[in-house]
Every structure is written in C-alpha cells, then in structure tokens.
Amino acid sequence: MSITIKTGAELDAMRIAGRLASEVLDYLTPHVVPGVTTEALDKLAHDYMVQVQGTIPAPLNYAPGGHTPYPKSICASVNHQICHGIPNDRALKSGDIVNLDITVIKEGWHGDTSRMFVVGEGSIAAKRLCSLTYDAMWKGIVKVKPGVRLGDIGHAIQTFVENQGFSVVREFCGHGIGQKFHEEPQVLHYGRPGTMEELKPGMIFTIEPMVNAGKKDIKALGDGWTIVTKDRSLSAQWEHTVLVTETGYEVLTLSDGSPPLPDFVTATKT
Ligand code: MF3
Ligand code: CO
Ligand code: CO
C-alpha cells in the first residue's frame, strides 16, 4: 500500500474526527489532578467517547501484528513512561507528568492527538520538558507544505531538541492516518533534510515526537505495551494530526481547549 490522498468529503470526515479527539482531552483536563487514577481517566474518556460523542475508542482491543490486544480506551504514560502506558489504579500525585493519548473513530475515520499534563505543582525541569516537547512538535508542523520532504520535518524536530540537550526517541514515529489507525508513511522525528517522501496536498499524518530528558534509549515493559526510558529519565510527548494543504498545513486536532500556539507559529501564520 502507498500513501493515500484524501479529498472532499474525506477531509471533512477527518476534520470532525480530529476535533472530537481533541475535545476528549478538553473534557479530561479538569480531572487530571492529584489523587485521580489513570484508570478513572480512562473510564471518563471511554464513556464520553461512546455515550456523548458517538465515537469508538480506537485503542481498545487494538492488536497490530504481534501485540496482545490493547486493554484500555486511552494511553496514559506517566513520568519515565514514553508511550502506550496502560491506565491503572495508581493515583497521580503532585509533580507527576502524564501524557494522555486519544484516538477516536467517527464514521470510520480516525483522529489521533495527545497532550502533556503537569499534575499539581510541577518541577521546573518537568515543565521545561513538557513545553520544549510541545515546541518540538510545532517545529515539525510548521515545515509541512507540498514539496517538503519528511526528512525536513524530522530534522527540524531533532535539531531543536538536541540543541537544548534533550534526546529524541527513535523507535516510535508519527504515521499516516485515515480509515486506518496507522497508515503509511512513517513520520520519523529525526532525519536529514531533503530525504524521504515528498509531501503532497491531501496527505494526512501525525507528528508526535517523544522527547527524553536523558538518553534516547528505551525499554519495553512486560505488559506487552508500555515503553519507558532505559535510564528512567522523564519523557514527554505531544501529538497532532496534520493535513497537507495546497499552500501549507491544517492541524485537524484543534479544539477550544487546545493550548495556545507557540509564538514562532503565530508569528509566521498568515
Ligand atoms: N495513539 C498512539 C499513536 O499515536 C497509538 C496507541 S496504540 C495503543 O499512534 F494500542 F496503544 F493504543
Ligand atoms: Co499517533
Ligand atoms: Co496517539
């Protein structure tokens, strides 16, 4: 299979799915406080998706090749967990950082987005990691336009992160998305300018850099899903689903509760 180009009604369907995914995060935000468990957040998200939005939580029972079916409706990755953390009955405490990653299916189309949350009072270091990773995602997004190559996006993210002494996880990447959760292409968050696939209008993919405060190396836990930093350093991730337009990009996973865009984005937007 190759990269699908979405047009017309397909784009409208992806806009709807994208906004709904982001609205799940808006809904969860006031609940991310000390004492809440990630299992409780999963239950809140599940019920909101199914009963209020009429969406399907894509992670639930998701079982790509070789994986045991994912047991929950959202991913919740705490502190040194990089991604695919499975919601559990441990309470979040002040100072924790948590990534909540939401993927909904609406009328057969997927929207995929994640944000970082600082629980209660965060340390300077934790807040810096979260905000730097947010900016890293946007450094990639602002590159998106026809003619640019995926390697340009990866390079922009990698140089921004590494110039500040942080590291980019290599084993997981962004991905095409549409009627399938994970489609071609793979969107690496590192790379060389002028390499890899050239972007064309109608392509839709995620940009979702994972940034470690320490070394880039990862370890997989025995639950079959959770990925952690090998050196147990903190890790952060943000994710948007992005459409390549004729002139640039359109972020599909924005909603009223989305955090403000970094200054370097608003400064260059026309
Ligand atoms: N939402 C994740 C991504 O951004 C994938 C999660 S797969 C799951 O690609 F099974 F863990 F939910
Ligand atoms: Co994704
Ligand atoms: Co995701």
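Quantities reported herein were computed from a predicted structural model and do not represent experimental measurements. We count ligands from 1, going down the list as the structure has it; atoms in each ligand are counted the same way.
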Problem set entry | Heteroatom N/O/S of His182 within less than 2.8 Å of the Co ion (ligand 2) | no

For this session: Report, in ascending order of atom number, the atoms of ligand 1 lying under 4.0 Å from any heavy atom of Trp225.
Result: 8 (C), 10 (F), 11 (F)

For this session: Please state which part of Thr206 comes within less than 4.0 Å of ligand 1, counting heavy atoms only: side chain, backbone, both or neither.
Result: neither

Exercise. Is the NZ or CZ atom of Lys139 positioned over Phe264's six-membered ring, under 6.0 angstrom from the centre and within 45° of the axis?
Worked result: yes

Exercise. If you round to the nearest 0.5 Å, how far is OG1 of Thr29 from CZ of Arg115?
Worked result: 5.0 Å

Problem set entry | the Co ion (ligand 3) - name of the N/O/S atom of Asp112 that sits closest to it | OD1

Exercise. Among protein heavy atoms, which lies nearest atom 9 (O) of ligand 1, and at what distance?
Worked result: His182 NE2, 2.7 Å

Exercise. Once you round to the nearest 0.5 Å, how far does OG1 of Thr55 lie from NE2 of His110?
Worked result: 11.0 Å

Exercise. Which bit of Cys75 is near ligand 1, meaning a heavy atom under 4.0 Å away: side chain, backbone, both or neither?
Worked result: side chain

Exercise. When you measure from atom 5 (C) of ligand 1 to every protein heavy atom, which one gives the shortest distance, and what is it?
Worked result: Phe181 CZ, 3.6 Å

Seminar exercise, completed: Residue, atom and distance of the protein heavy atom nearest atom 4 (O) of ligand 1 read Glu208 OE1, 2.8 Å

Exercise. What atoms of ligand 1 come within less than 4.0 Å of a heavy atom belonging to Glu239?
Worked result: 4 (O)

For this session: Kindly confirm or rule out an N or O of His84 lying under 3.5 angstrom from an N or O of ligand 1.
Result: no

Seminar exercise, completed: The atom of His175 among N, O or S that is nearest the Co ion (ligand 2) is NE2

Exercise. Tell me: protein heavy atom nearest atom 2 (C) of ligand 1, and distance?
Worked result: Asp101 OD2, 3.3 Å

Exercise. Roughly how far, to the nearest 0.5 Å, is CZ of Phe166 from OG1 of Thr133?
Worked result: 7.5 Å

For this session: Return the residue, atom name and 0.1 Å-rounded distance of the protein heavy atom closest to atom 7 (S) of ligand 1.
Result: Tyr62 CD2, 3.8 Å

Problem set entry | atom 12 (F) of ligand 1 [closest protein heavy-atom partner, distance rounded to 0.1 Å] | Pro59 CB, 3.1 Å

For this session: Please state which part of His67 comes within less than 4.0 Å of ligand 1, counting heavy atoms only: side chain, backbone, both or neither.
Result: neither

Exercise. Counting backbone and side chain alike, does Asp101 bring an N/O/S atom below 2.8 Å of the Co ion (ligand 3)?
Worked result: yes

Problem set entry | Glu239 atom (N/O/S) at minimal separation from the Co ion (ligand 3) | OE1

For this session: Consider only side-chain heavy atoms of I, L, V, M, F, W and Y, link residues closer than 4.5 Å, and tell whether Leu199 and Ile207 are in one cluster.
Result: yes

Exercise. With a 4.0 Å cut-off on heavy atoms, is Phe172 touching ligand 1?
Worked result: no

Problem set entry | Check: Tyr48 ring centroid to Tyr27 ring centroid under 6.0 Å | yes

Problem set entry | Glu10 vs Asp12, side-chain contact (heavy atoms from CB on, under 4.5 Å): CA-CA, chis, key distance, verdict | CA-CA 5 Å; Glu10 300 171 337; Asp12 291 330; over 6 Å; no

Exercise. For the residue pair Trp225 and His67, does the interplanar ring angle fall in the parallel (under 30°), tilted (30 to 60°) or perpendicular (over 60°) class?
Worked result: parallel

Exercise. If you look at every heavy atom in Trp109 and Ala13, which pair is closest and at what distance?
Worked result: CD1-CB, 3.5 Å

Exercise. Looking at Glu208, which of its N, O or S atoms is the nearest one to the Co ion (ligand 2)?
Worked result: OE2

Exercise. OG1 of Thr226 to CD1 of Ile86: how many Å apart, nearest 0.5 Å?
Worked result: 4.5 Å

Problem set entry | Distance-only side-chain donor-acceptor flag, Glu183 / Thr4, under 3.5 Å | yes

Exercise. Salt bridge check: are Glu39 and Lys43 linked by an N-O gap of less than 4.0 Å?
Worked result: no

Exercise. Which ligand 1 atoms are under 4.0 Å away from a heavy-atom of Thr103?
Worked result: 1 (N)

